[in-house]
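The residues of the chain are indexed from 1 along the displayed sequence. Computed from a predicted structure; not experimentally measured.
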Amino acid sequence: MAFDGIITSAIATELSSTITLGKIEKIYQPTGEDLLIQIHTREGNVKLLASCGSQSARICLTEDKYSNPMQPPNFCMLMRKHIQGGRITAIRQRGSERIIEIDIEAQTELGFTTSKRLIVEIMGKHSNIILVDIESGKIIDAIKRISIDVNRYRQLLPGVIYVYPPKQDKTPFKSASEKDFVNSEGVVLSEKLIMNRISGISPAIARELLSSKNPAARLAEIAESAETGSFTPTIYFDEDDTPREFHITDLSEYCGLRQETFDSLSSCIEFYYQHRASTNIIKQKSVPLHKIVKSALDKALLKKKRLSEDLLKAENSDKYRLYGELLTANIHLVQTGARSVEVVNYYDGSNITIPLSEKLSGAKNAQQYFKKYSKARTAIKEKAVQLEEVEADITYLDSVMQSLEAASTEGELDQIKEELVETGYIRYRSKPGHKRNKQKQAPLEYRLSDGHHVFVGRNNKENDQLTTKTASRTDIWFHTKEIPGSHVILVTESGESLQDITAETIYEAASIAAYHSKGKDSDNVPVDYTLVKYVKKPSGAKPGMVIFTHNSTVYVTPKLPGSAVKS
């Protein structure tokens, strides 16, 4: 767990220098576990986020946007009553614990000055946000109320005297010495034993201390940097770019991982938790969509297999016509009740045995074969059309699957879900009077080395919007050849033709198209390109499905340009 006592000390230092004497202007409660406070400081307005989520408990400044409920929760209304308009007088960490205290001077409705304390306890599933009256020591309210049925030692209810969490029999990290790292025989303790002796350190810090020649001195150095603010917040990433760990000091065990430093601890904390939460939410949210698309794709592939088999059988129907013709020419050879007859094939002079139905005459048998032949020829036409339709469905579902695998935000998943609703793969049960909100289309944007801009659709709805509505007829359209992927548009300048675009620019744009496709991890990916005016969407075609002409093909390695523009 990254948010240990050392991080708490560091964020207390940062917040103290940033929002002390700031005025609380607005208070919001986006969720049942998050509190958002807008504060006016000398440097301008800032937003303080306090969260008590079991997996995301934290306190930091934030620049992210949060959607608030139409009706503020009761705790939010109470906070507005007691501290909105108040001024922050002090921010501190309690000891070496993961507890932040914010003292606030506010005024009552009658104009009397009162002192309140907002306490943010960052303790995993036991995290909480509590407002306390300093003079009486009583709890005004807690975002998560704890009754005696839940905790006999410590109740967090309005009117109850606030009691701090029970102290652990450990040495605070701020005062740890050499003796805390060794046993009675002078042997350095294990990670687990060190954490049992010293409070406020995480497993990552315990391992970092053990890798040091002098653990006590290393801890004192880290603690001092937290109190003085002389630290560089760093996040370490896994191979899939998911944040693994962050801290205010280097963690040698992650030296092989990609890392990113931040100017402030708040921006580091918010980036870490937002991206971890976002990654988990996206994984959870994509699972049901993935199942729906895979199920539809499996059915379409099975249907294609059966249609192909039926079509193959139907295409071998010429023998029925031959049987009918030969029986008609040799009726006199057919005996009543016979199961077969041997006749001469007048096309090549060979003998041929024709199976017969013993219940039918020779003429009737001939008619049956002509009917089979006629039925087979009709089936060829019908099944060929069906096969073409199912192949289009497979192409479409492949593209949706690729969009799902590439989705990196909730908004993208919402767009894909909306697309599946519109195409009938998901049933949408509308409620009376409820209007479904449609997601706005916002393609990715890149700037090439020569200054040209490239736009990329992240799903089929964006592909449609980009190619058929946004792009100009003289822009250049890119798409991987026979590989599911995004529509990519290279924007041309006024009066600029395809011949004016350099080969380097074409290859750079094509590399982007290859990167945003199912061939992302391959080499030498074929990419078609043509002018947008030659790209057409057939009537009734599913989202993202187009036909094009006048195209050329280049082979590229999937790659993004050096600069991406936020859309």
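- Within a 6.0 Å radius of CD in Q55, no more than 12 heavy atoms belonging to other residues, nucleotides or ligands are found.
- When the shell of 6.0 Å around CG of D64 is examined, it contains more than 12 heavy atoms from other residues, nucleotides or ligands.
- A donor-acceptor pair is defined here as one N or O able to donate and one able to accept, closer than 3.5 Å; no such pair exists between the side chain of E418 and the backbone of E422.
- In terms of modelled atom types and a separation under 3.5 Å, the side chain of R447 and the main chain of V454 share no donor-acceptor contact.
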Begin with the C-alpha distance, continue with both residues' side-chain angles, and end with the deciding distance and a verdict on salt bridge (charged side-chain N to carboxylate O under 4.0 Å, His left out) for D103 and R117.
CA-CA 5 Å; D103 291 348; R117 179 169 293 155; 2.6 Å; yes
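- Contact check on E419 versus K461 returns no salt bridge, with no Lys/Arg side-chain nitrogen under 4.0 Å from an Asp/Glu carboxylate oxygen.
- Under the salt bridge (charged side-chain N to carboxylate O under 4.0 Å, His left out) criterion, E101 pairs with R92, sequence neighbours left out.
- For the side chain to side chain contact (heavy atoms under 4.5 Å, CB included) with F173, the lone residue among I6, I205, L209 that qualifies is I6.
- Here the side chain of E135 pairs no donor or acceptor atom with the backbone of S115 at under 3.5 angstrom.
- More than 12 heavy-atom neighbours from other residues, nucleotides or ligands sit within 6.0 angstrom of NZ on K144.
- Note that CD1 of I104 and CD1 of I37 are 6.0 Å apart. Values are rounded to the nearest 0.5 Å.
- Crowding of N74 atom CG: a count of heavy atoms from other residues, nucleotides or ligands under 6.0 Å not exceeding 12.
- Between F271 and F262, the distance separating the two ring centers is shorter than 6.0 angstrom.
- Checking L15, I59, I119 one by one against I102, the side chain to side chain contact (heavy atoms under 4.5 Å, CB included) holds for a single residue, I59.
- Taking CD of E462 as the reference point, atom OG1 of T470 lies at 9.5 Å (rounded to 0.5 Å).
- Among the candidates T114, L78, I27, the single residue satisfying the side chain to side chain contact (heavy atoms under 4.5 Å, CB included) test with I83 is I27.
- Side chains of Y273 and C60 form no contact here, defined as non-hydrogen atoms less than 4.5 Å apart.
- Using modelled atom types and a 3.5 Å distance limit, the side chains of D133 and S136 yield a donor-acceptor pair.
- Around atom CD of E224, no more than 12 heavy atoms belonging to other residues, nucleotides or ligands sit under 6.0 Å away.
- Counting only heavy atoms from C-beta outward, the side chains of E121 and C52 never approach each other to under 4.5 Å.
- Contact check on R58 versus E270 returns a salt bridge, with a Lys/Arg side-chain nitrogen under 4.0 Å from an Asp/Glu carboxylate oxygen.
- At most 12 heavy atoms of other shown residues, nucleotides or ligands fall within 6.0 angstrom of atom OH in Y515.
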Apply the test salt bridge (charged side-chain N to carboxylate O under 4.0 Å, His left out) to residues E63 and K47: give CA-CA distance (whole Å), side-chain angles for both, the deciding distance (0.1 Å), then the verdict.
CA-CA 7 Å; E63 294 182 357; K47 291 184 291 185; over 6 Å; no
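- Checked for salt-bridge contact, E227 and K174 meet the test: a charged N lies under 4.0 Å from a carboxylate O.
- The backbone N or O of H247 lies less than 3.5 Å from no partner atom in the side chain of T234, so there is not a single donor-acceptor pair.
- H516 and Y446 have their aromatic ring centers within a separation under 6.0 angstrom.
- F237 carries R258 over the face of its six-membered ring, with the cationic atom under 6.0 Å from the centre and within 45° of the normal.
- A 6.0 Å sphere centred on NZ of K116 holds more than 12 heavy atoms belonging to other residues, nucleotides or ligands.
- Annotation: E178, atom CD; neighbour count of heavy atoms from other residues, nucleotides and ligands within 6.0 Å does not exceed 12.
- A centroid separation of less than 6.0 Å is found between the aromatic rings of Y162 and Y164.
- Atom-to-atom distance recorded for T8:OG1 and I122:CD1 is 5.0 Å, nearest 0.5 angstrom.
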L61 vs L49, test: side chain to side chain contact (heavy atoms under 4.5 Å, CB included). Steps then yes/no.
CA-CA 6 Å; L61 299 178; L49 174 71; over 6 Å; no
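- When only modelled atom types and interatomic distance are considered, S264 and S266 share no side-chain donor-acceptor pair under 3.5 Å.
- Looking at D238 and R244, a side-chain N of the basic residue comes within less than 4.0 Å of a carboxylate O on the acidic one, giving a salt bridge.
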